[in-house]
Number of protein chains: 2
Amino acid sequence: MDKKSPIRITLTKRDESVTITQWVYSTLRNAIMTGQILPGRALTIRELAAILDVSPMPVREALRQLAAESALEIQGNRRVMVPKMTAMKFNELCEARINLESHAAARALPYIDNERLQELIELDKEIDEAQDNDDMEQITVRNQRFHRALYTANPHQITLPLIESLWLQLGPFMRLANSRLEEHYTIDRHNEALQAIERKDALALQLAIAADIREGFAFAVTPELLHSFIEQSASEAD
Amino acid sequence: MDKKSPIRITLTKRDESVTITQWVYSTLRNAIMTGQILPGRALTIRELAAILDVSPMPVREALRQLAAESALEIQGNRRVMVPKMTAMKFNELCEARINLESHAAARALPYIDNERLQELIELDKEIDEAQDNDDMEQITVRNQRFHRALYTANPHQITLPLIESLWLQLGPFMRLANSRLEEHYTIDRHNEALQAIERKDALALQLAIAADIREGFAFAVTPELLHSFIEQSASEAD
DNA sequence: ATTCAATTATTGTGATCACAAATTTAAGAA
DNA sequence: TTCTTAAATTTGTGATCACAATAATTGAAT
């Protein structure tokens, strides 16, 4: 039996103005999002500290924060790991996303002025560019930026942290969701959303967002397909 | 000018089997929930450590966790405080609760077997008892227990942490929500929910839960009333 | 009295150490 | 070999210390 699977984490240069804890947090968060840490693998403070070349202290804090966001799971034995995905859990996360995000979109609608609308149109264009370049990394980043810009139009908005928690738990699947585009022709739901915004049509906006999310995960439309994706990640589970 | 307002936190004896960090976490969480820490008041690690008679370390971890749950707010200056409430934010939190919780209820419905239903009926009875005794503390605790028992019937449920975050942010208002009962006669929405469960009527269940939440905050039905409640808490704000 | 600068005190961050609990490894018996 | 048990290692927790950044206080000058 070989030793524990090695952990490969993409490291970025730390901005001096940012605390080490914050840097560790976003590094680990990004690693989880991109599926670099496979579910079920036990994470130890000292190991991560060695990998990131920092003292155990900031790692401790970052792990606790990620656990509070359900990005990590603390087992009874105080062991920390990326939670394993199941088909049912995946489904729950998707439905929760649809529910929460269409809610957030509708609540943001009254606050979307022309300036914000132009920003959204601009962000949508940037997504198209990333799609033309097949840049999965950028597609995901800009897609999230689009959704965030929409929801945060509401100055009293309080759901974004909850939504981000769902994104985190969906983790690597968020990326897969954006890779579908070549396969089957899909309607541009973002455009549909933008039109609904111009018309101030809350229901249409909700439907567009819901469809956008649902179609993003269309690759998992059959239980078999979903299962293969999950197994692919959970290969090394106990 | 007198010194900073003192912080009074109800201390419970710590269970030996629980880590100090966990004890600090739930102590602070409870203090926030009951409005013992007034919004805007700066919280320092060392001050809390002294009050709770522990070292700064567990306080640090607990604060970070609570901040991740939006129960506390970390300002730019790294200062930690209980976020201030506004009428608009209050409204957003209520609507988010209604949306998320009726969603969670509907998703739990298919999993509610007779055993769970009996448990819910039992919990509802206990709420009635607490109401007869005018025990606000117990009313709130048992009310939350009822909702939790409902949502967690779904074994794949992933929304409870999000819901608990909303409860935390509503904080002391959750208690006010349960004090309305003497005032105006209200329909027993829990009973309505239980009947909907027996009929396996998802829509009726959602409506009952939504009404339960909305009527719980009926005291804030007019902007003036709500404002007075908020001001009462935020009296010492900058 | 008020404003502004300099000093002092306090704070969060991060590192290091100690220790008990848990895990892994090693060894011995069947 | 397979199971059980004991030793050794690793791990999370919590305490203490150092330090730079922030906040509070003091003082002088207007």
Side-chain angles (χ1 to χ4, degrees), chain A residues 1-7 11 13-28 37 40-68 71-83 236-238, chain B residues 1-7 11 13-28 37 40-68 71-83 236-238:
Chain A
M1 181 220 301
D2 60 342
K3 37 198 66 174
K4 295 186 249 182
S5 60
I7 297 181
L11 302 177
K13 198 60 199 158
R14 181 170 79 86
D15 185 346
E16 291 298 326
S17 70
V18 130
T19 64
I20 297 183
T21 300
Q22 288 172 313
W23 176 79
V24 171
Y25 168 78
S26 45
T27 300
L28 290 179
I37 305 174
R41 170 70 151 80
L43 299 179
T44 66
I45 294 174
R46 286 172 172 88
E47 183 188 13
L48 290 175
I51 293 175
L52 303 178
D53 193 33
V54 297
S55 89
M57 188 63 56
V59 176
R60 252 167 90 167
E61 307 237 314
L63 287 185
R64 188 167 291 274
Q65 185 167 347
L66 287 165
L72 294 176
E73 195 178 84
I74 303 184
Q75 296 184 303
N77 317 328
R78 309 164 173 179
R79 248 345 180 354
V80 170
M81 59 176 226
V82 177
E236 206 140 335
D238 314 354
Chain B
M1 181 220 302
D2 59 343
K3 36 199 66 172
K4 294 186 249 180
S5 60
I7 296 181
L11 301 177
K13 197 61 200 160
R14 181 169 79 85
D15 184 347
E16 292 297 328
S17 70
V18 129
T19 64
I20 297 182
T21 299
Q22 287 172 313
W23 176 79
V24 171
Y25 168 78
S26 45
T27 301
L28 290 179
I37 306 173
R41 170 71 151 80
L43 299 180
T44 66
I45 294 175
R46 285 172 174 87
E47 182 187 16
L48 290 174
I51 294 174
L52 302 177
D53 193 32
V54 297
S55 90
M57 189 61 57
V59 176
R60 252 167 88 169
E61 306 236 314
L63 288 185
R64 188 167 291 273
Q65 186 168 347
L66 287 165
L72 294 176
E73 196 178 84
I74 302 183
Q75 296 183 302
N77 317 328
R78 310 165 172 182
R79 252 333 178 5
V80 169
M81 60 174 225
V82 176
E236 204 140 335
D238 315 351

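Protein chains get the first letters and strands the later ones, always in sequence-line order, with residue 1 at the start of each.
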- Query: Between B:I7 and B:L43, does a side chain to side chain contact (heavy atoms under 4.5 Å, CB included) hold up when you go through it step by step?
  - Reply: CA-CA 9 Å; B:I7 296 181; B:L43 299 180; 3.6 Å; yes
- Between A:Q22 and A:R46, who's closer to the 5' end of DNA chain C by nearest nucleotide? A:Q22
- Query: Ignoring hydrogens and angles, are the base of D:dG14 and the side chain of A:R60 linked by a donor-acceptor pair under 3.5 Å?
  - Reply: yes
- Could you pull out the closest heavy-atom pair between B:A68 and A:Q65, with the gap in Å? CB-CG, 3.9 Å
- Taking everything shown except A:D15 itself, do over 12 heavy atoms lie less than 6.0 Å from its CG? yes
- Got a second to check how far B:I74's CD1 is from A:Q22's CD, nearest 0.5 Å? 8.0 Å
For [X] and [N], give me the distance from atom [atom1] to atom [atom2], rounded to whole Å.
X: A:Q65; N: C:dT13; atom1: CD; atom2: C1'; answer: 14 Å
X: A:E47; N: D:dT9; atom1: CD; atom2: C1'; answer: 15 Å
X: A:R14; N: C:dG14; atom1: CZ; atom2: C1'; answer: 10 Å
X: B:E16; N: C:dA20; atom1: CD; atom2: P; answer: 14 Å
X: B:I74; N: C:dT13; atom1: CD1; atom2: C1'; answer: 12 Å
X: B:D53; N: D:dG14; atom1: CG; atom2: C1'; answer: 14 Å
X: A:L48; N: D:dT11; atom1: CG; atom2: P; answer: 10 Å
X: A:Q75; N: D:dG12; atom1: CD; atom2: P; answer: 12 Å

- Given DNA chain D, 5'-ward residue of the pair A:M57 and A:L63, judged by closest heavy atom: A:L63
- Message: Starting the side chain at C-beta, find the nucleotide from C:dG14, D:dT16, C:dG12 nearest to B:S55.
- Response: D:dT16
- Would you please name every residue forming a side-chain contact (heavy atoms from CB on, under 4.5 Å) with B:R60, sequence neighbours left out? A:M57, A:E61, B:I45, B:M57
- Message: Using side-chain heavy atoms (C-beta onward) and a distance below 4.5 Å, is A:W23 in contact with A:L52?
- Response: yes
- At under 4.0 Å between heavy atoms, what does B:L43 touch on the DNA or RNA strands: base, sugar-phosphate, or nothing? sugar-phosphate
Please list, for nucleotides 21-25 of chain C, all pairs of protein and nucleotide N/O atoms separated by less than 3.5 Å.
residue, atom, partner, partner atom, Å
C:dT23, OP1, A:N77, ND2, 2.9

- Query: For C:dT11, does either OP1 or OP2 sit under 4.0 Å from a side-chain N or O belonging to B:T44?
  - Reply: yes
- Query: Any donor and acceptor pair, going by atom type alone, linking the side chain of A:R14 with main-chain N or O of A:V18 inside 3.5 Å?
  - Reply: yes
